[in-house]
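Quick notes on the structure that follows.
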Amino acid sequence: MVYEVVSEDNKKIGNKFTIECTSNREKALKGADFIINSTEHGDRFELRWQDNTIPRKHGTTERMGENGGAGGFFHSARQIPEIIKIAKDVQRIYPDAFFINYSNPVSRICLALKRVVPKLKMLGLCHQIGLLTSYHLQAMINRDLLEFWNLINICMVDIV
Amino acid sequence: MDSKIVLIGAGSPAFGPPTLIDLNRSEILAGSTITLLDID
């Protein structure tokens, strides 16, 4: 379904990109220059709910339980082993590729990747800064500053 | 540019289509191949 949506969007922008889809990791990673990881392992909504509520029952004060605290630890324990498998495949199949990680908990995943796969060319990013400039800042600041932020955002995308 | 960009986890509607919009903001990446990868 996503393939159809992305292909349709690509048509609207004059077929600027070539779109392909696969479920074969080996095939996808072969010859890749940039690999953007945004995977969530396990039943995301049910497990996130548990990450949030179970530590609270035992007296923690965390708000989300996604990236910090005990819930963040459980989340890390599910995410890190799987993402390290992907990173090892990247090293094996195409070691020159640049790995960009958006999966949470970003800081803990990146720390693990740095320790376990130290030669991987890797960067951890949070996409929420885009949402912040597109939606929330509009209500918080004046227009001029918003345009300034959008300019920075565009520059950041170009660098990536 | 003839880069190959792989999106892992692209089966998510919240990740695949918006990422294309992000990549579209870059002129340098025009002509690249975007590979959507997911488990199904």
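Residue numbers start from 1 in every chain, and the chains themselves are labelled A, B, ... in the order their sequence lines are given, proteins ahead of strands.
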Determine whether [X] and [Y] fall in the same hydrophobic cluster, where Ile, Leu, Val, Met, Phe, Trp and Tyr are linked whenever their side-chain heavy atoms lie under 4.5 Å apart.
| X | Y | result |
| --- | --- | --- |
| A:L123 | A:F34 | yes |
| A:V106 | A:L113 | no |
| B:F15 | B:L29 | yes |
| B:L23 | A:Y102 | yes |
| A:I100 | A:I80 | no |

B:T35 versus A:A28, closest heavy-atom pair with distance: CG2-CB, 3.9 Å
Nearest heavy-atom neighbours spanning B:P13 and A:M1: CG-CE, 3.9 Å
Region of [X] in contact with chain B, defined by heavy-atom distances below 4.5 Å:
| X | result |
| --- | --- |
| A:V6 | both |
| A:N24 | backbone |
| A:I13 | side chain |

Top of B:G9, B:G11, B:P17 for chain A proximity - count of heavy-atom pairs under 4.5 angstrom: B:P17
Contact leader toward chain A among B:A30, B:S12, B:P18, where contacts are heavy-atom pairs under 4.5 Å: B:A30
Hey, what do you get for [atom1] ([X]) to [atom2] ([Y]), rounding to the nearest 0.5 Å?
| X | Y | atom1 | atom2 | value |
| --- | --- | --- | --- | --- |
| A:I35 | B:K4 | CD1 | NZ | 9.0 Å |
| B:D22 | A:I36 | CG | CD1 | 8.5 Å |
| B:T19 | A:D9 | OG1 | CG | 11.5 Å |
| A:K12 | B:L20 | NZ | CG | 10.5 Å |

[X], part contacting chain A, at a heavy-atom distance under 4.5 Å:
| X | answer |
| --- | --- |
| B:A10 | backbone |
| B:L37 | both |
| B:N24 | both |

Using a 6.0 Å cut-off, check whether atom [atom1] of [X] has over 12 heavy atoms from anything other than its own residue.
| X | atom1 | answer |
| --- | --- | --- |
| A:K30 | NZ | no |
| A:R115 | CZ | no |
| B:D2 | CG | no |

Flag side-chain contact, heavy atom, 4.5 Å: A:I86 against B:I8: yes
Contacts with chain B made by residues 16-23 of chain A (heavy-atom distance under 4.5 Å), listed by residue number: A:K16, A:F17, A:T18, A:I19, A:E20, A:C21, A:T22, A:S23
Close contacts, residues 37-50 of chain A versus chain B, judged by heavy atoms under 4.5 Å: A:N37, A:S38, A:T39
